[in-house]
Amino acid sequence: MQGNGTPPAGNGTTTPAETSEGPVLSADQARDLTYDSANLRSAQLERMNRVVAAQRLLSMAHPAAYQALSEALRSGETGTIEAVLVAMSSLDRPPRELLGAAVDALRNAPADIVDRLAFAIMRYGEQAIGRIIALATDRQLPVPQRLGAVRTLPAVPSRETAAALMEIANPSRAEPEELRRAAFASLRRLSPVDHGTDFAAWTAWWQDARPKSREEWSAELHLRGLERVSALEREIDDLGRRYVAILRERYLELPLERQLERIPRDLDDTLPQARLFALDRIGVLLRDSVQIPETLRSKVIECLNDSLRPEVRRRAATLLAELDHPDLPTLLADRLSGEPNPQVAIAWLDVLSTRPHAAALDPILLWLLREPTAAAAARTLWHLRLRLGIPETDLEAVQQAARDAWSAFPSPPTARLAAILLPDDEASALDQVLRGENADLARAVAEGFAERGRIAPLLDLAAADAIYPFALRAATLQPPTVDAVRILLQLAPKESQLPRWEDAVRSLVRRLDPALLIEVDDLLAAAPVASLALRDSILAGVILANGDGQSLQTRLRLLQRLVPILIEQGLSLRAYEIVRTVGGTETDVIVAALRFETALLAGRFDEAAAINEDPARWLTVLSDAVARDPQAAARLRTEVLRRFASQMNAETSARLRSIDERLAARVGPSEETATPRQ
């Protein structure tokens with residue numbers, strides 16, 4: 001905030017920091033005190049800057065600051081008094097140090113500030129009544145001094161204040177007419193009726209009102225009080241917005257270190273908008289990768305207990321989630337049961353849904369059975385069930401809560417929760433919701449059924465795009481058997497659903513006994529929807545799993561199944577590398593044959609020659625490769641000629657010519673496929 005006011009200099013006066021008792025102020029605090037005191041009293045400054053100065057003095061809570069504020073209240077200058085009163089109105093309770101000054105201010109306060117002053121004094125309640133009545137009824141005081149007190153009395157509605165006003169308005173008391181008119185005006189403000197200046201009518205009202213209890217007085221004045229409070233809240237909100245705008249500009253001028261020092265003070269500010277701004281500022285710094293000190297994190301935790309502004313509690317929880325505070329789940333769980341505001345509870349529940357904690361179970365169940373929060377609690381309980389599970393000892397209570405919530409507050413979150421938690425015989429009643437016209441509820445039930453693996457009703461409706469993903473999910477959660485794979489093959493996907501279907505197949509097959517994979521691969525090979533890449537990823541994944549859960553014999557059977565699949569995809573080098581990972585003395589023949597074939601097709605000709613140098617065997621591999629990998633076959637043919645041209649006889653030359661014809665049909669004629677002469 002920039003101010004035009006400057007402290008007076010060279011006038012021989014002492015600053016409040018020099019004359020007041022209390023803790024010794026630092027040099028910066030003393031400078032701020034002097035600066036803000038001067039700004040508060042400066043008529044040249046804009047109204048909002050003077051209010052900010054008063055706010056800063058109040059936030060110091062130091063005797064020297066209260067002295068400066070008391071002098072401002074007694075100044076008799078409208079703008080100065082108003083700035084202090086607006087600053088005081090943002091506090092949840094006014095400081096007792098300013099009561100005497102506020103009452104004294106009535107002695108010479110301008111008429112246009114009396115109402116604001118009255119409201120400030122009203123907030124002191126019982127502490128102020130006697131002092132105001134004494135001012136109003138003291139006939140030794142000049143009339144102008146008594147007028148302020150008379151105008152203030154309605155601010156503390158009670159039998160005592162009404163009695164004092166009736167006394168002053170009584171013509172037999174012979175009060176000055178100006179005071180009597182003020183008393184009648186105050187009676188109109190204090191009571192729910194308006195009898196003008198008719199003292200007889202007021203007397204009749206008073207005879208009826210005097211015996212009433214405090215509760216009856218409160219009921220009559222409730223509506224009038226609401227109107228006044230509402231108007232004041234609107235003004236405070238407006239001032240708060242303007243104050244935050246100034247505060248934002250001030251932060252932009254501060255280096256990072258000073259911002260981190262300043263934020264704790266703003267988190268303690270009596271103005272809610274300032275506290276919210278401070279929380280937002282921490283979020284900005286966090287997203288700018290600034291390290292947030294532990295002391296500041298502790299201040300944010302304190303904001304979870306902010307009793308005045310629900311938005312502060314909500315924002316603090318969100319910020320702690322961004323800070324990834326490790327104790328956040330337990331902090332929220334501890335406070336959740338006693339949180340009075342449903343909107344704050346919803347925000348906290350949303351945070352807990354991303355960080356489930358067993359300690360939150362009981363408070364979640366409480367909010368699950370309340371109408372504004374049932375959906376949020378159902379979402380949180382859903383995630384708790386998925387990540388942590390429900391203890392057997394709590395299951396019955398949780399099922400009952402889910403049953404009641406779905407019955408009382410039907411919504412997608414409560415439907416999903418009921419679908420995953422209710423016993424099988426009750427869950428079947430949700431089948432009709434699955435087939436109903438409400439698409440959102442149907443999807444929610446489908447998701448609940450999927451996570452518990454209840455697949456039968458989902459298979460019947462899997463053709464619907466909205467249900468299909470949940471049918472897949474339910475299929476992957478079935479016990480890992482070949483029959484479960486058959487169920488997935490029934491769920492033949494559309495093209496757009498193919499990646500999700502393949503993921504579901506892999507997820508299920510990973511849990512199968514490796515000894516069953518040959519049978520599974522036979523099923524996949526017969527299914528048009530199953531690609532070579534899918535079969536490759538399944539078989540290779542098991543083979544390369546370092547032999548876990550499988551015998552060497554099983555790995556070899558899978559390897560013999562995998563190699564042709566890789567070759568057909570043009571992945572001979574990958575086949576060669578996988579074959580090299582498997583070995584054993586009792587399997588030398590099988591491994592050697594696979595290594596010879598894959599080495600030839602991968603272009604590792606010297607290694608293949610070390611295994612077998614028979615041209616006939618090379619031609620056999622070449623002949624098979626023409627159909628499966630023509631490019632690899634073309635490279636291999638060139639190498640065969642280079643190595644064995646001089647050894648060719650009529651039989652091998654005839655075989656090569658036949659291979660050339662087939663290869664030319666696949667890749668076209670070239671110099672490489674010209675058959676050499678004998």
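- Donor-acceptor pairing under 3.5 Å is lacking for the side chains of S26 and D28.
- Using a 4.5 Å heavy-atom cutoff, the side chains of L98 and S70 are in contact.
- Each of L384, I364, L368, L381 was evaluated against V398; a single residue qualifies, L381, per the side-chain contact (heavy atoms from CB on, under 4.5 Å) test.
- A401 and L365 make their closest contact through CB-CD2, 3.8 Å (heavy atoms, listed as atom of the first residue, atom of the second, distance).
- Note that CZ of R181 and OG1 of T197 are 10.0 Å apart. Values are rounded to the nearest 0.5 Å.
- In this structure, L336 and L349 have side chains that are in contact, with non-hydrogen atoms separated by less than 4.5 Å.
- Put simply, CG on L285 and CG on D280 are 11.0 Å apart, with the number rounded to the nearest 0.5 Å.
- From L165, atom CG reaches atom CD of E160 across 12.0 Å, with rounding to the nearest 0.5 Å.
- In this structure, D350 and S353 approach most closely via the heavy-atom pair O-OG, 2.5 Å.
- In the displayed structure, R139 atom CZ is contacted under 6.0 Å by more than 12 heavy atoms of other residues, nucleotides or ligands.
- Taken from CG in D324 to CD in E322, the straight-line distance is 11.0 Å, to the nearest 0.5 Å.
- Between I168 and R173 the shortest heavy-atom distance is CA-CD, 4.2 Å.
- Ionic pairing of E46 and R242 is not present here: no N-O contact between side-chain nitrogen and carboxylate oxygen is shorter than 4.0 angstrom.
- The distance from the CG atom of L304 to the CD atom of E339 is 9.5 Å, given to the nearest 0.5 Å.
- Annotation: side chain of F199 is in contact with side chain of M166 (closest heavy-atom distance under 4.5 Å).
- Residues R188 and D194 are paired through a salt bridge, judged by an N-O separation under 4.0 Å between the basic side chain and the carboxylate.
- Tested against L279 for a side-chain contact (heavy atoms from CB on, under 4.5 Å), the candidates T318, L319, I263, D266 yield a single pass: L319.
- Residues L239 and L271 fail the side-chain proximity criterion, which asks for heavy atoms closer than 4.5 Å.
- W382 does not carry R379 over the face of its six-membered ring by the limits of under 6.0 Å from the centre and within 45° of the normal.
- A donor-acceptor pair under 3.5 Å is absent between the side-chain atoms of Y66 and the main chain of L57, judged by distance alone.
- The shortest distance between side-chain heavy atoms of Q55 and D269 falls below 4.5 Å.
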Applying side-chain contact (heavy atoms from CB on, under 4.5 Å) to R146 and E175, what does each step give before you reach the verdict? CA-CA 11 Å; R146 297 175 62 192; E175 291 281 9; 2.9 Å; yes
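- Side-chain contact between R297 and L323 is present, with at least one heavy-atom pair separated by less than 4.5 Å.
- Between L58 and M88, some side-chain heavy-atom pair lies under the 4.5 Å cut-off.
- In this structure, L99 and V103 have side chains that are in contact, with non-hydrogen atoms separated by less than 4.5 Å.
- No side-chain donor-acceptor contact under 3.5 Å links T380 to the backbone of L352.
- The line from CZ of R275 to OG1 of T270 is 7.5 Å long, rounded to the nearest 0.5 Å.
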